[in-house]
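Worksheet: the structure to be examined is printed underneath.
As the structure lists them, so they are numbered: ligands from 1, and atoms in each ligand from 1.
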Amino acid sequence: MSVLDRELQGVLTAFREARPNDDSSLIEKAYHYAAKFHAGQLRASGEPYLSHPLAVARILADMRMDVVSVTTGILHDVVEDTVVTSADVQKVFGDEIARCVDGVTKLSKIDFFSAEDRQAESYRKMLLAMVNDIRVIMVKLADRLHNMRTLGALSPERRERIAKETLEIYAPISHRLGMGKVRGELEDLAFRHLDPEAFQEISTAIESQRAANEDYLVRMRQTVVDELKKEGIPARVEGRVKRAFSVYQKLKRQKISLDQVYDLLAMRIITDSVKNCYGALGIIHNEWRPVPGRIKDFIAIPRPNLYQSLHTSVVGIDGKHCEIQIRTEEMHRIAEEGIAAHWKYKEGKRGVQDDQRIAWLRQLVEWQQDMRDPSEFSSTLKLDLYPEEVYCFTPKGRVIVLPAGSSPIDFAYAVHSEVGNTCVGAKVNSRIVPLRYAIRNGEIVDILTQPGHVPSKDWLSIAKTSRARNKIKHFINASERERAIEIGQKFLEKEARRLGVSLSRIAKADLERVAAEYGAAKMEDLYAALGYGKFSARQVLQKAAPDQVVEAPPPPVPPPAPTTAGPRSGREADDAIIRVRGVEDIMVYRAKCCNPIKGDPIVGYVTRGKGIAVHSKSCTNVTNLMYDSERRIDVEWERNVGDSFPVKIIVQTDDRPGLLHQLTTILAAENANVRSLEAKTNFEDRGEGATIEMTVDVRDRKQLDKLCSAMRRISGVRDVERPHHT
Ligand code: MN
């Protein structure tokens with residue numbers, strides 16, 4: 001058996017051990033395929049090239065990854081380094097593996113070199129965004145890990161370059177994915193190549209401390225083992241050697257020298273349950289005095305990558321400091337393997353804890369949201385994504401869990417509806433913040449309230465949680481109804497006065513009959529409906545006292561359309577061009593915010609006592625207005641309208657002579673009257689430019705669209721938009 005065959009056997013054994021029920025034949029097939037095409041190629045070390053993909057596959061199998069990942073590991077360099085194309089891989093191994101191999105190939109082509117610190121984060125984001133399957137990252141990390149282990153054979157320049165990239169890009173990614181073990185190894189390997197002296201010095205110090213304190217650690221360990229046993233807490237207790245790079249970072253962070261680092265000595269206790277973790281912590285603290293400020297409870301509040309453990313530092317035997325971590329087996333595995341530990345669960349049935357377990361994916365999603373095309377993100381991962389959450393605190397330390405992007409208003413309503421209703425401001429970590437502020441993990445939020453203060457409608461565009469939104473809506477609906485009743489009553493009185501009808505002479509029973517006719521159970525409901533403008537006061541009076549109110553005269557014939565498209569006094573004109581489906585005799589006006597024109601899809605909203613406001617469906621205000629579906633009403637454009645509508649258009653352009661002329665030429669060619677035009681130069685990130693604001697008369701949406709696209713075609717025009725339309 002050749003060396004390579006033996007390596008293959010190692011991969012297969014590891015894979016079958018981790019996944020006894022999975023078919024491993026693809027792995028063998030990939031081996032023979034890769035062997036054929038990598039034949040004759042050598043690594044820098046002189047070994048056959050194939051030993052590298054096999055080692056990568058072995059790392060993946062040891063991580064208990066699935067057959068797609070391991071097979072991709074074997075094939076990961078065939079497209080990059082041989083004549084094989086990605087179409088070939090697809091034909092032989094199918095879509096899924098071809099996609100993964102493609103993903104790894106794509107990543108290999110990015111040049112991260114000389115990424116400054118500031119840019120490294122963008123690179124990491126970009127790398128993740130380029131990936132459509134998280135397994136691609138796993139293969140890439142395994143690839144990088146093996147390359148780092150065998151870095152010695154390369155030239156010093158390449159060594160430095162790869163080590164730097166590892167430290168800046170790949171180690172942080174493995175950290176985000178919770179893969180403590182891979183991260184640790186990547187960092188130490190990179191550190192060793194980038195700063196051999198410091199690495200040596202620290203490694204030697206750690207080793208000598210460990211040797212010098214062998215006896216101390218044995219005694220500490222024995223005490224812990226005995227005490228836990230006495231209390232019946234089952235546990236594995238191990239001495240822990242700190243990693244060189246993490247010590248190095250600590251020295252840098254705290255600006256101290258090596259002899260000032262006390263806790264190179266560390267122990268880890270692994271037990272069976274959360275309860276016993278805290279039990280063990282109690283026993284430790286009973287035995288030795290804890291160092292203040294060093295107790296950390298990552299069980300109650302896991303790190304974003306889902307790391308969980310209890311940390312403490314104690315003044316141990318002979319007054320020497322010792323750092324102790326306490327965790328369950330489960331937490332241990334997740335701390336070491338991260339996403340890979342999760343992977344195993346994905347295959348089987350999902351447990352309730354999965355919700356928690358994949359919390360670190362939130363971080364990924366967050367990165368994802370910054371990217372151009374979030375749809376590119378992992379199809380595999382997508383299924384499992386949960387809305388991201390933030391954990392924050394009340395000043396008294398109560399934990400409040402909210403969806404990401406939540407505001408102090410959401411927080412206030414989560415505490416209590418009364419706190420929400422009377423909220424006037426908020427402090428985050430003792431600093432005043434605007435109500436629009438997006439709360440972040442770990443922040444302490446203090447809500448400022450004022451008795452008698454009431455929620456505002458604007459809050460609906462800020463609040464993220466349905467709890468807060470519902471409470472605000474409820475409050476606004478209730479208070480609006482009160483006002484509508486008041487207004488409705490006044491309407492009726494006013495109309496009665498105008499028609500010379502004495503309300504007091506209309507029998508209460510008659511009014512109640514009319515109310516019933518309109519489907520209102522009580523007089524209050526009738527007033528409210530009047531206040532909301534659902535029907536007119538005149539109609540009500542007519543029905544209640546037909547003998548006193550004469551039939552409304554037929555509507556006057558509309559005057560001929562004005563010959564010039566001058567400004568029209570809104571209401572009568574709007575009445576004539578927009579019809580409310582199924583209802584006549586109702587006030588209609590076009591909303592000022594979006595100023596809908598003929599041809600725009602429109603929607604009506606019953607206002608308080610002002611009739612129907614007609615908005616364009618794309619109006620930015622519509623979503624918030626329409627929360628009350630009862631007040632939404634169908635409206636449509638009348639068919640024959642020869643009028644024109646003034647429309648505001650904003651054009652962003654380069655600051656180039658002649659451009660304005662081109663714009664007005666287009667308008668003239670379309671016979672569109674320009675009412676006003678104002679050009680301003682501005683400076684922005686895209687360089688010097690101009691903003692041209694104009695109001696133009698157009699016949700309808702069709703003409704407007706035509707104008708806009710003609711303007712967009714002018715070279716130097718960056719954007720043409722109609723304000724308030726999304
Ligand atoms: Mn490789």
Charged N to carboxylate O below 4.0 Å: is that the case for R192 and D188? no

For D102, side chain to side chain contact (heavy atoms under 4.5 Å, CB included) partners two or more places apart: S86

Sequence neighbours excluded, which residues qualify as salt bridge (Lys or Arg N to Asp or Glu O under 4.0 Å) partners of E336? none

Would you say the side chain of H52 lies within less than 4.5 Å of the side chain of H38, judging by non-hydrogen atoms? no

Within a reach of under 6.0 Å around NZ of K181, are more than 12 heavy atoms found that belong to other residues, nucleotides or ligands? no

Suppose the cut-off is 2.8 Å; which protein N/O/S atoms would you list for the Mn ion (ligand 1)? H52 NE2, H76 NE2, D77 OD2, D143 OD1

Who pairs with R221 by side chain to side chain contact (heavy atoms under 4.5 Å, CB included), at least two apart in sequence or on another chain? V225, V237, M267

